[in-house]
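First up is the structure itself, then whatever we jot down about it.
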There are 2 protein chains.
Amino acid sequence: MTPPPFHHGNLRAVLLDAAERTLREGGVDDLSLRELARQAGVSHGAPRSHFIDRQALLDALAERGFLRLGDAVAEAGAAHPGDLVARVRAVATAYVGFAVRDAALMELMFSAKAAGAPPAVHAAAGRLFTSFGALFAADFRAGRFRSTDPERTQLLFVAALQGIAALIASERIAPGRGEDLVEEAVALFVVDGAPGDG
Amino acid sequence: MTPPPFHHGNLRAVLLDAAERTLREGGVDDLSLRELARQAGVSHGAPRSHFIDRQALLDALAERGFLRLGDAVAEAGAAHPGDLVARVRAVATAYVGFAVRDAALMELMFSAKAAGAPPAVHAAAGRLFTSFGALFAADFRAGRFRSTDPERTQLLFVAALQGIAALIASERIAPGRGEDLVEEAVALFVVDGAPGDG
DNA sequence: ACCTGAACACCGTTCAAGT
DNA sequence: ACCTGAACACCGTTCAAGT
């Protein structure tokens with residue numbers, strides 16, 4: 001008469017959701033397959049059916065993270081079609097904001113363990129980075145960025161955002177300072193996006 | 001007749017050196033107090049005398065990392081007293097190079113766990129960041145950077161370097177591309193350090 | 001195909017005891 | 001002051017067995 005396990009084929013999603021919550025409240029070190037199984041009300045061996053080992057769970061989390069971040073960036077990039085400065089600012093804010101809100105997930109996504117990651121993770125990450133290119137390609141052709149090499153500048157821009165997020169996540173600077181640095185980055189990268197030039 | 005333990009008061013240093021090696025060959029997850037004790041030829045409880053727990057070992061590693069990186073940056077910054085572009089390039093290369101060679105250590109230094117770190121770690125990190133300011137203070141006053149706010153620009157510059165290192169460490173870009181991005185950063189931040197401006 | 005539950009090796013941490 | 005060694009709780013992983 002005891003009810004059957006109430007997850008019918010969605011245990012994988014349940015585990016991932018619980019893992020994201022744990023990641024947000026604690027950190028990567030708090031992620032335990034056994035604890036997740038406990039929260040889901042299944043035996044400690046059950047996750048094995050969906051994740052071959054702990055790393056597979058981490059990879060799945062990273063993939064979902066890249067997909068979510070890619071969506072956030074694409075959405076921000078579509079918001080201000082006519083205003084380049086506002087668009088760059090929106091994308092930068094979305095990127096840094098995601099990294100701040102989900103610092104542990106972001107750390108997971110960009111950890112050294114991403115090396116040799118499964119194809120799905122690599123694909124999701126690639127989708128994010130190429131979307132940056134599509135957002136500003138026309139503006140690069142129009143010479144609205146302080147650069148001669150679009151690809152280099154795009155990477156450097158992403159690197160700057162990534163670095164701002166890292167400084168905030170490691171509490172080297174306060175979260176509020178992030179907006180200042182985003183503004184400084186916009187001023188630096190975009191021609192005429194700056195209050196001053198020297 | 002068995003020899004006494006051959007570490008007389010330097011077990012702490014022996015453990016830290018072994019930990020740095022493990023960090024370089026493997027990753028943070030490979031760091032085990034028991035394994036380090038084994039390598040040092042002491043009992044598994046011995047490290048307790050020098051590190052209250054695993055986190056204390058990690059903190060000590062982070063502190064040493066910040067000190068080494070601070071030295072490397074200061075040395076690079078003293079190399080080209082008369083040539084700003086060369087100096088900025090040297091500092092950037094030193095920073096990114098350190099992050100690439102000791103990727104796992106760098107990740108440890110900037111991990112979210114740096115939050116609430118002991119004063120020694122915070123002090124070592126602060127020493128690094130303030131040294132950046134001292135290196136370029138005069139050049140900022142001379143208006144040789146594309147900026148109106150020296151502190152913001154310094155932070156953004158560090159963020160860019162940090163981001164370049166992160167992209168390389170996570171294998172999002174090849175290590176060789178790091179030099180390109182450093183060059184692009186120099187061109188962008190330093191007035192007249194660029195091949196082109198639009 | 002998915003889940004259970006026992007088993008094994010490993011780890012961090014604590015602590016009384018030795019020198 | 002520093003190290004030993006037993007003890008405990010917890011974890012990842014494997015695997016035979018159930019449904």
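Computed from a predicted structure; not experimentally measured. In the text below, chain A, chain B and the rest are named by the order of the sequence lines, each starting its count at 1.
- Pairing for C:dT13 is with D:dA7, a Watson-Crick or G-U wobble pair whose two hydrogen-bonding atom distances lie under 3.5 Å.
- For the pair B:L33 CG and C:dT13 C1', the computed distance is 10 Å after rounding to whole Å.
- Closest to the A:S43 side chain, of the nucleotides C:dG5, C:dC11, D:dG12, is C:dG5.
- Whole-Å rounding puts the A:Q55 CD to D:dC11 C1' distance at 16 Å.
- On a pure distance criterion of 3.5 Å, a polar donor-acceptor pair joins the side chain of A:H44 and the base of C:dA6.
- Atom CG of B:L36 is separated from atom C1' of D:dC3 by 16 Å (rounded to the nearest Å).
- Heavy-atom neighbours of A:E75 CD from other residues, nucleotides or ligands within 6.0 Å: at or below the threshold of 12.
- Within the 4.5 Å cutoff, no side-chain heavy atoms of A:V96 are placed close to those of A:M106.
- Side-chain N or O atoms of B:R87 include none that pairs as donor or acceptor with a backbone N or O of B:F136 at under 3.5 Å.
- Listed nucleotides: C:dC11, D:dT13, D:dC3. Nearest to the side chain of B:S49: D:dC3.
- The distance between atom CZ of B:R54 and atom C1' of C:dT14, rounded to the nearest whole Å, is 18 Å.
- Annotation: side chain of B:L167 is not in contact with side chain of B:R177 (no heavy-atom distance under 4.5 Å).
- Side-chain atoms of B:T153 and A:E184 include a donor-acceptor pair closer than 3.5 Å.
- Atom pair B:D30:CG and C:dC10:P shows a separation of 15 Å (rounding to whole Å applied).
- Pairing partner, C:dA1: D:dT19, with both Watson-Crick or wobble hydrogen-bond distances short of 3.5 Å.
- Residues A:G45 and A:R34 both approach DNA chain C. Their nearest nucleotides, taken by heavy-atom distance, put A:G45 toward the 5′ side.
- Rounded to an integer number of Å, the gap from A:H50 NE2 to D:dG12 C1' is 18 Å.
- Checking A:R38 against A:R48, the closest nucleotide of DNA chain D that is more toward the 5' end is the one next to A:R38.
- Of the side-chain N and O atoms in B:S32, one or more sit less than 4.0 angstrom from OP1 or OP2 of C:dC11.
- Put simply, CG on B:D29 is 12 Å from C1' on D:dG12, counting in whole angstrom units.
- Regarding B:L57, its CG atom lies at a distance of 14 Å from the C1' atom of C:dC11, rounded to whole Å.
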